[in-house]
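Heads up, the thing below is written out as structure tokens.
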Amino acid sequence: MVKFSPPLLGMFMVAATFYDAIVATTCGPSPDLNCCGMLVASGLGDKVLLPNQTEYTSRLGSYWSVSAALSPWCMVLPYTAEDVSSIIKTLVSGNCSFGVKGGGHGSFALSNAVEDGVTIDFANMNGTTYNAETEVASILPGGSWQEVYETLAPHGVTVTGGRAGTVGIGGFLTGGGNSFHAASHGMACDTVVNFEVVIADGSIINANAEQNPDLWIALKGGSANLGLVTRFDLRVIKFPDAAKPDIWGKFLSFDLADGDNAIDAMVNFTEHAHLDQNTSSIMFFGHIPAAGGMVLHLGLENTKGIVDPPAVAGYLNAGKILSTNSLVVPMADLVRSENPAQAAGVRNIWFTLTFKADARVMKYAASRHTAAVAKLSASLSPDSNFTTMCAFQPLSHAIAQHGVRNGGNVMGLDYWMQNGDSGILLLLELGVRGAENEAKAYPVMREWAREVEAYARELGVAWEWRYLNYAGREQDPLASIGPVALGRLRAAARKYDPDGVFQTLRGSGFKIPKGECD
Ligand SMILES: Cc1cc2nc3c(=O)[nH]c(=O)nc-3n(C[C@H](O)[C@H](O)[C@H](O)COP(=O)(O)OP(=O)(O)OC[C@H]3O[C@@H](n4cnc5c(N)ncnc54)[C@H](O)[C@@H]3O)c2cc1C
Ligand SMILES: *[C@@H]1O[C@H](CO)[C@@H](O)[C@H](O)[C@H]1NC(C)=O
Ligand SMILES: *[C@@H]1O[C@H](CO)[C@@H](O)[C@H](O)[C@H]1NC(C)=O
Ligand SMILES: *[C@@H]1O[C@H](CO)[C@@H](O)[C@H](O)[C@H]1NC(C)=O
Ligand SMILES: *[C@@H]1O[C@H](CO)[C@@H](O)[C@H](O)[C@H]1NC(C)=O
Ligand SMILES: *[C@@H]1O[C@H](CO)[C@@H](O)[C@H](O)[C@H]1NC(C)=O
Ligand SMILES: *[C@@H]1O[C@H](CO)[C@@H](O)[C@H](O)[C@H]1NC(C)=O
């Protein structure tokens, strides 16, 4: 039991009936009951879910990763920015730790929810509205990209968003957002013209090029370190033909023997990606038992609906194609199907790395992937049904240029790309059943990541940049954004959160690395 100072207990006592119902001790309520009780007392009662409620249990099923679905003291589900303001004021006054869940696609424990605290779940703040006059789409943080694309397509427009329809808004947009439109528009956060955000003192403010521009820049990549975003206003992208809001996607499976050639094709594609900014690609080696074991898959897209644009010729000639599927469809349809290597409802371990576009590192990463799969097969239980991905994506230097042109951000890509370099973004993923299997797999995944990192450093092509939305629990992405972006992020945090609420009470997500002055 924790002793509470009189003002806190006094505030809690307002909820006399709730207090009587749940607390019968002489030394004051335990922090869980105190914090959840205070939320109820502040008028949010019908938005609070306690562990004994069936909705609480069903909310735990809304996390993409089982590893992330922690059971908090209670969950609170706001409907409006005013609710969010009351929530943050109440949690701060009660010294209550909290987690922040947007669409719930974080991969690891403490990426979004907390155990010792209150999870703020944005699920009920979802939906998209479009203003054709301003060409701005307003998107709430708790929805999914599927819904966004479906809502916008009839208007002949879209936005830069997730490439899997289930991915959430809040985390994706505050952490960057790599998309089909990255080469043409920058990271998704670069298309945000205004954030409505609740800061630590509970004020609801706007951040854009005119109002609070330092906060606008810091929210573009700063994750939940500055406030809770309650609405994102994005500049839309118009389709060439409004009546045909379609994009092209092609999904290929290569013979594994052609892996090296496919990698060479990606390096060449990456170096030329700024010349055709409408075309994008993702390639991965994966261990997918349901697909018969190890596979090499390639996804190609063109945001203007052009089939087989010249930029993909290198890929199409890279080797023996085992299967192919080409579609010209609305974005909502292209992102609907689930990648079997990224299935929801299992435990996950992610690591991410970046380096200059260099085929040697990619080939090494792929060969260490094969070794990691062999180790995992030997040590995990047969019913673990584990899947892996060794996924490569081009990071064209065009991405950083769009960011700068749109007012700047704290992503840090402009720092790593300042010599005009383009890079490769590597994501190492494991999906597995069972906590024991997850614990056994962790050191294997870490070793794989460390081997690739060490090799890239040895060749002098390593970037220290870690993409926040792909980073694993022990990675420190905000330490990798370079001195200018980090300075902007720290200055904005000091100004808008002087007491460090989002550094101390926030228990989930990535923090700002401590500096000499902290
Ligand atoms: C299947 C799958 C596909 C993916 N595809 C892509 C892709 O194409 N491109 C890409 O870049 N990434 C992709 N990702 C990664 C994705 O961007 C991250 O998982 C991202 O965090 C998801 O956002 P979310 O709202 O669902 O996350 P959550 O887990 O809910 O939140 C993650 C973090 O964001 C913060 N946050 C959430 N909401 C808010 C808010 N309202 N205000 C302030 N902070 C908030 C939270 O504190 C938390 O730290 C994918 C992930 C998965 C699982
Ligand atoms: C859940 O627990 C709270 C507090 O202990 C109690 O007031 C409430 O009646 C319980 N609800 C159910 C459905 O059991
Ligand atoms: C707030 O809680 C933390 C730990 O949960 C504790 O260390 C700190 O002293 C508390 N602060 C106040 C003002 O009670
Ligand atoms: C969206 O929010 C509404 C309430 O605002 C809620 O009823 C609905 O279930 C939410 N949708 C999802 C998919 O969570
Ligand atoms: C990309 O799309 C834009 C807008 O439709 C178009 O002007 C441009 O020519 C396209 N680029 C290529 C290489 O097709
Ligand atoms: C590299 O890409 C460019 C631009 O798409 C293309 O013209 C060239 O043929 C490619 N080179 C190889 C070896 O595929
Ligand atoms: C694991 O995979 C096997 C074979 O594909 C399948 O029969 C089984 O149902 C799967 N187990 C779980 C828990 O999904």
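First listed ligand is number 1; within each ligand, the first listed atom is number 1.
- Against a heavy-atom cut-off of under 4.0 Å, Asn95 is close to the following atoms of ligand 3: 1 (C), 2 (O), 3 (C), 8 (C), 10 (C), 11 (N), 12 (C), 14 (O).
- Under the 4.0 Å distance rule, the nearest protein heavy atom to atom 14 (O) of ligand 6 falls inside the cut-off.
- Ranking protein heavy atoms by distance to atom 4 (C) of ligand 6, first place goes to His272 CG, 3.6 Å.
- Once rounded to the nearest 0.5 Å, the distance linking OG1 of Thr352 with CD of Gln393 reads 8.5 Å.
- Cys35 pairs with Cys96 as a disulfide, the SG atoms being under 2.5 Å apart.
- Ring orientation note: the planes of Trp465 and Tyr467 are close to parallel, at an angle under 30° on the 30°/60° scale.
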From CA spacing to verdict: ring pair (Phe, Tyr, Trp, His ring centres under 6.0 Å), Phe392, Phe284:
CA-CA 6 Å; Phe392 301 107; Phe284 70 90; over 10 Å; no

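- The nearest protein atom to atom 5 (O) of ligand 6, hydrogens excluded, is given as Ala311 CA, 4.1 Å; this is a heavy-atom distance.
- The Asn278 neighbourhood of ligand 5 comprises atoms 1 (C), 2 (O), 3 (C), 8 (C), 10 (C), 11 (N), 12 (C), 14 (O), with distances under 4.0 Å to a heavy atom of that residue.
- At the top of the distance list for atom 10 (C) of ligand 6, counting protein heavy atoms only, stands Asn268 ND2, 2.4 Å.
- Within a 4.0 Å radius of atom 7 (O) of ligand 5, the protein contributes no non-hydrogen atoms.
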Show the numbers, then the answer: is there a salt bridge (Lys or Arg N to Asp or Glu O under 4.0 Å) between Asp246 and Lys244?
CA-CA 6 Å; Asp246 291 347; Lys244 212 172 166 295; 3.3 Å; yes

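- Heavy-atom proximity to Asp276, at under 4.0 Å, picks out these atoms of ligand 5: 12 (C), 13 (C).
- Annotation: cation-pi pair Lys101/Tyr63 present, NZ/CZ under 6.0 Å from the ring centroid and within 45° of its normal.
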